[in-house]
Visitor: 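The structure is given below, and queries will be raised subsequently.
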There are 2 protein chains.
Amino acid sequence: MLNVDKTLHRQGYRLTKQRRQILGALTPRPQSVYQMMKTLKPKGIDKVTVYRALACFVQLGIAGKIQLDDNTAHYELLAGSKHHHHLICKSCGSVDDIPLNEKLFLNKIRKLTKFQIQRHALEFFGLCAECQ
Amino acid sequence: MLNVDKTLHRQGYRLTKQRRQILGALTPRPQSVYQMMKTLKPKGIDKVTVYRALACFVQLGIAGKIQLDDNTAHYELLAGSKHHHHLICKSCGSVDDIPLNEKLFLNKIRKLTKFQIQRHALEFFGLCAECQ
DNA sequence: TTGAATGCAAAGCTTTTGCAATTCA
DNA sequence: TGAATTGCAAAAGCTTTGCATTCAA
């Protein structure tokens with residue numbers, strides 16, 4: 001939390017009461033803004049504020065933004081968590097994390113192309129153990 | 001084209017003039033509906049028709065639907081093309097294909113979890129050679 | 001002939017923008 | 001104080017739905 005505070009201030013941002021609560025609603029597991037609003041709306045926080053705070057967090061590397069199959073963005077807490085990938089259940093919508101080592105791919109692309117990779121996304125869609 | 005015709009009919013769908021043209025607008029490289037409409041609108045095809053045809057093609061495995069970072073769906077022609085992955089330029093928006101062998105990952109997940117994988121998406125975001 | 005497909009209009013969602021009021025440093 | 005932030009309303013996109021009409025098998 002202190003680190004987040006510093007990171008924000010260093011860039012001229014402020015850690016307001018609302019942003020602290022939005023940060024608290026973020027988890028390592030990706031959530032849509034709609035899902036986050038279930039917690040945040042009762043606290044009087046507007047969804048516009050959430051969108052703006054999330055954009056700020058993503059820009060600072062505090063949160064990650066991923067697109068799943070439902071045309072909506074999902075946000076996850078990055079601070080302190082290792083890079084990982086996702087198992088997304090088509091039935092219940094649950095999202096689980098899984099660590100995979102993708103260095104081979106990154107190296108291969110560097111060798112084959114001149115593309116400069118900034119980030120990547122690896123997602124697996126299917127059925128979780130419960131839904132099969 | 002004949003195969004597509006058969007595939008459609010087998011499921012009770014029809015290959016209409018419009019669908020033939022929508023199919024013709026699809027490429028192995030993912031495009032948004034907006035991009036496809038540049039070709040299709042002049043031919044008098046409504047975007048609702050395009051959405052409905054694409055949903056049909058995706059269901060039959062003729063087309064693939066992927067989500068990029070811009071909150072819009074992109075569609076690619078799958079028929080006859082090998083499974084591949086994407087290099088997406090953040091600057092110019094170009095999408096290039098790259099083949100990678102992900103069997104190691106699929107096997108690892110099968111070993112580690114009970115998740116039943118139906119499909120996966122692997123995308124690399126960054127800068128293409130021209131935009132660096 | 002008849003169920004599938006089309007096109008238009010309208011609605012539904014998610015996300016963004018404008019702006020006055022508020023808050024934090 | 002002054003710039004950043006908030007919340008409300010409204011707008012902007014993308015996508016879906018309803019329905020009468022048209023079309024393909």
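Treat the numbers as computed from the prediction; the structure is a model and nothing was measured. Here is how names work: the chains are called A, B, and so on, in the same order as the sequence lines, proteins then strands, and each is numbered from 1.
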Visitor: Determine: side-chain N/O of A:T16 to OP1/OP2 of C:dC24, distance under 4.0 Å, yes or no.
Guide: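 Result: no.
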Visitor: Rounded off to whole Å, could you give me the NZ-to-C1' distance for the B:K47 and C:dG7 pair?
Guide: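 Rounded to whole Å, this separation is 11 Å.
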Visitor: Could you state the CE-P distance from B:M36 to D:dC14, rounded to the nearest angstrom?
Guide: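 Rounded to the whole Å, the gap is 15 Å.
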Visitor: Is B:I109 reachable from A:V95 through a run of I, L, V, M, F, W or Y residues, each pair having side-chain heavy atoms under 4.5 Å apart?
Guide: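 In one cluster: no.
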Visitor: Quick check on A:K47: does its NZ atom have over 12 non-hydrogen neighbours (other residues, nucleotides or ligands) under 6.0 Å away?
Guide: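 Not more than 12 within 6.0 Å, no.
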Visitor: Near DNA chain C, which residues from residues 56-73 of chain B have a heavy atom under 4.0 Å away?
Guide: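 B:N71 - these, ordered by number, are the residues of the stretch whose heavy atoms sit under 4.0 Å from the strand.
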Visitor: If you assign A:S32 and A:K17 each to the DNA chain C nucleotide with the nearest heavy atom, which residue ends up on the more 5' nucleotide?
Guide: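 The answer here is A:S32.
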Visitor: Grab the CG-P distance between B:L15 and D:dC23 for me, whole Å please.
Guide: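 One finds 16 Å between P of D:dC23 and CG of B:L15, rounded.
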Visitor: Verify salt bridge (charged side-chain N to carboxylate O under 4.0 Å, His left out) between B:D46 and B:K41, making sure each step is shown before the conclusion.
Guide: CA-CA 6 Å; B:D46 192 83; B:K41 194 169 187 173; over 6 Å; no
Visitor: Can you tell me the distance, in whole Å, between the CD atom of A:Q18 and the P atom of C:dC24?
Guide: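 Those two atoms, CD and P, are 8 Å apart.
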Visitor: With a cut-off of less than 4.0 Å, is there a side-chain N or O of B:R19 near OP1 or OP2 of C:dA4?
Guide: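 So the side-chain polar atoms of B:R19 never come under 4.0 Å of the phosphate oxygens OP1 or OP2 of C:dA4.
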Visitor: B:V48 or B:H9: which one's nearest nucleotide on DNA chain D is closer to the 5' end?
Guide: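 Looking at DNA chain D, the more 5' nearest nucleotide goes with B:V48.
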Visitor: With the threshold set at 4.0 Å, does a side-chain nitrogen-carboxylate oxygen contact exist between B:R119 and A:D69?
Guide: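 The answer is yes: the pair qualifies as a salt bridge.
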Visitor: Rounded off to whole Å, could you give me the CD1-to-C1' distance for the B:I45 and C:dG7 pair?
Guide: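 Distance check: B:I45 CD1 to C:dG7 C1' gives 11 Å.
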Visitor: Do we get B:K90 above B:F125's six-membered ring, with its NZ or CZ under 6.0 Å from the centre and within 45° of the axis?
Guide: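 Yes, B:K90 lies over the aromatic ring of B:F125.
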Visitor: Rounded to whole angstrom units, what separation is found between the CZ atom of B:R52 and the P atom of D:dT17?
Guide: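 So the CZ-P distance, B:R52 to D:dT17, works out to 10 Å.
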Visitor: So, does A:Q116 use its side chain to make a donor-acceptor pair with the main chain of B:C131 at under 3.5 Å?
Guide: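 Flag not set: sc A:Q116 to bb B:C131 has no pair under 3.5 Å.
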Visitor: Measure from OH on A:Y51 to C1' on D:dT5 and round the result to the nearest Å.
Guide: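 Interatomic distance, OH of A:Y51 to C1' of D:dT5: 18 Å.
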Visitor: Report which part of the nucleic acid A:Y13 touches: base, sugar-phosphate, or nothing (heavy-atom distance under 4.0 Å, all strands).
Guide: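 Counting heavy atoms under 4.0 Å across all strands, the contact made by A:Y13 is with sugar-phosphate only.
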Visitor: Roughly, in whole Å, what's the span from NZ in A:K43 to C1' in D:dT6?
Guide: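 Taking NZ of A:K43 and C1' of D:dT6, I get 17 Å after rounding.
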Visitor: Is the backbone N or O of A:A25 less than 3.5 Å from a side-chain atom of A:Q31, with the two atoms forming a donor-acceptor pair by type?
Guide: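 Judged by distance alone, yes, a pair lies under 3.5 Å.
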